[in-house]
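Some notes on the structure that comes next.
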Amino acid sequence: MIAIFLASILLGAVAGLMAGLFGIGGGLIIVPVLAMLFAAKGFPAELVMIMSVATSLATIVFTSSFSVLAHHRLGSVLWDRVLALGPGIMVGAAVGSVIADHIAGGVLRFMFTIYLLGVGVQMALQLQPKPGQQQPSKKLDLGISGLIGLLASLLGIGGGTLIVPFLVHFQTPMRNAVAIASACGLPIAIVGTIGYALLGRDMVQLPDWSLGYIYIPSFLGIVLTSTYTAPIGAKLAHKLPAEKLKRYFSLLLFVMAAKLMWF
């Protein structure tokens, strides 16, 4: 437990720094690294991925809270859009945790690998969402937000990489889209965390120090450092060639995707 806690402290520092530097969610790094760490420490194979996803979501509750507060102070959060997307996102997040509890760990691992590859390609090619020509209907808001919440909960992410392109396509300025996505990440994380904690409460194979599927030592270690290093990464983004660094980071994502498939 102590070894995992110490490793998680380092993971949180790196995840927070990368999140601030590249504007990505920490789950992109946290989930695959935790999966490898849990597997190396002998956690039951069928629980490795779902515990990694659940623990990642729990950390996002804290990191997203700090991010939302910062965006709100800057006046970037359009709360009417957050309220419009919120119900679908919360329902989707709840459904996502239930689905994750009923599918094989290998399927969950494959889904996250595909997600890693997709983000890696987007960062390598510097692909940016293009503004559309219309406003979304209430039905479209509900449907897309539900799907985003489901996928984010399944993958253990805040959903920013999914929400931002949707918002920008429907004429939301990028600055506001990032802030809205940050605010939407909080209900995803809260609902998903509650779902994974409840669904795993009777699982007899869970290691000690687990709250449902959430592994508390890793959760604490990541939160302790990620909340401090994320602002540092954000400051470095204004000093370093972040766009060029994204291409190098995409190579790391490809390596992590390959490692995740065969760890």
Side-chain angles (χ1 to χ4, degrees), residues 4-38 52-53 55-71 112-129 152 155-165 174-175 177-179 181-182 184-186 188-189 218-260 263:
I4 293 180
F5 174 69
L6 294 176
S8 297
I9 287 177
L10 178 59
L11 171 59
V14 174
L17 190 66
M18 295 298 102
L21 183 58
F22 298 122
I24 59 172
L28 187 70
I29 301 171
I30 292 170
V31 172
V33 174
L34 281 185
M36 297 171 202
L37 183 60
F38 291 166
S52 302
V53 166
T55 304
S56 174
L57 273 181
T59 68
I60 291 172
V61 172
F62 286 83
T63 55
S64 181
S65 297
F66 283 101
S67 180
V68 172
L69 182 60
H71 284 297
F112 197 89
T113 302
I114 296 300
Y115 170 69
L116 274 180
L117 292 173
V119 176
V121 169
Q122 184 270 328
M123 296 184 78
L125 300 180
Q126 299 290 295
L127 301 177
Q128 298 293 334
L155 298 172
I157 60 175
T161 53
L162 305 173
I163 298 171
V164 170
M174 178 61 78
R175 174 171 174 267
V178 171
S182 179
C184 289
L186 187 56
I188 289 173
S218 287
F219 161 74
L220 292 175
I222 292 168
V223 169
L224 278 173
T225 50
S226 63
T227 52
Y228 288 101
T229 57
I232 296 174
K235 292 179 181 179
L236 289 175
H238 296 283
K239 300 178 180 179
L240 300 176
E243 294 303 314
K244 182 181 293 186
L245 289 175
K246 280 184 178 181
R247 291 193 170 91
Y248 296 110
F249 184 68
S250 69
L251 296 177
L252 175 61
L253 296 184
F254 295 143
V255 171
M256 290 173 65
K259 181 66 176 176
L260 192 60
F263 70 76

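Scope of the values below: all heavy atoms of this structure, side chains included, with no hydrogens, waters or symmetry mates.
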Legend entry - Closest contact, heavy atoms only, C184 versus I163: CB-CD1, 3.6 Å
Inset, instruction - Look only at the side chain of S67 and the backbone of T63, and say whether a donor-acceptor pair between them is shorter than 3.5 Å. - result: no
Inset, instruction - State, with a plain yes or no, whether a side-chain heavy atom of S226 is found less than 4.5 Å away from one of T59. - result: no
Inset, instruction - Please say whether more than 12 non-hydrogen atoms of neighbouring residues, nucleotides or ligands are located less than 6.0 Å from CZ in F254. - result: yes
Legend entry - Side-chain (S250) to main-chain (R247) donor-acceptor, under 3.5 angstrom: yes
Inset, instruction - Mind listing the closest non-hydrogen atom pair of A189 and I60 along with its distance? - result: CB-CG2, 3.7 Å
Inset, instruction - Might you work through the side chain to side chain contact (heavy atoms under 4.5 Å, CB included) test for S52 and F112, ending with a clear yes or no? - result: CA-CA 11 Å; S52 302; F112 197 89; over 6 Å; no
Legend entry - Intermediate values then yes/no, side chain to side chain contact (heavy atoms under 4.5 Å, CB included), L116 and L28: CA-CA 7 Å; L116 274 180; L28 187 70; 3.6 Å; yes
Legend entry - Working for side chain to side chain contact (heavy atoms under 4.5 Å, CB included), residues L37 and I4: CA-CA 7 Å; L37 183 60; I4 293 180; 3.9 Å; yes
Legend entry - F249 side, atom CZ; L251 side, atom CG - distance, nearest 0.5 Å: 10.5 Å
Legend entry - Euclidean distance, T113 OG1 relative to L260 CG, rounded to 0.5 Å: 4.0 Å
Inset, instruction - Grab the two heavy atoms, one from T161 and one from I157, that are nearest each other, plus how far apart they are. - result: OG1-CD1, 4.3 Å
Inset, instruction - Please report the shortest heavy-atom distance between L186 and S65, naming the atom on each side. - result: CD1-OG, 3.5 Å
Inset, instruction - With side chain to side chain contact (heavy atoms under 4.5 Å, CB included) as the test, would you mind laying out the steps for S8 and I30 before giving the verdict? - result: CA-CA 9 Å; S8 297; I30 292 170; over 6 Å; no
Inset, instruction - Can you measure from CG (L11) to CD1 (I29) and round to the nearest 0.5 angstrom? - result: 8.0 Å
Inset, instruction - Would you name the heavy atoms of P165 and G160 that are closest together and state the gap between them? - result: CD-O, 4.1 Å
Inset, instruction - Look at the side chain of S64 and the backbone N and O of S182, then say whether any donor-acceptor pair between them is shorter than 3.5 Å. - result: yes
Inset, instruction - For L224 and Y228, work out which heavy atoms get closest and say how close. - result: O-CD1, 3.0 Å
Legend entry - Spacing of L10 atom CG and I222 atom CD1 [to the nearest 0.5 Å]: 10.5 Å
Inset, instruction - Say whether, by atom type as modelled, one donor and one acceptor occur between the side chain of S56 and the main chain of G156 under 3.5 angstrom. - result: yes
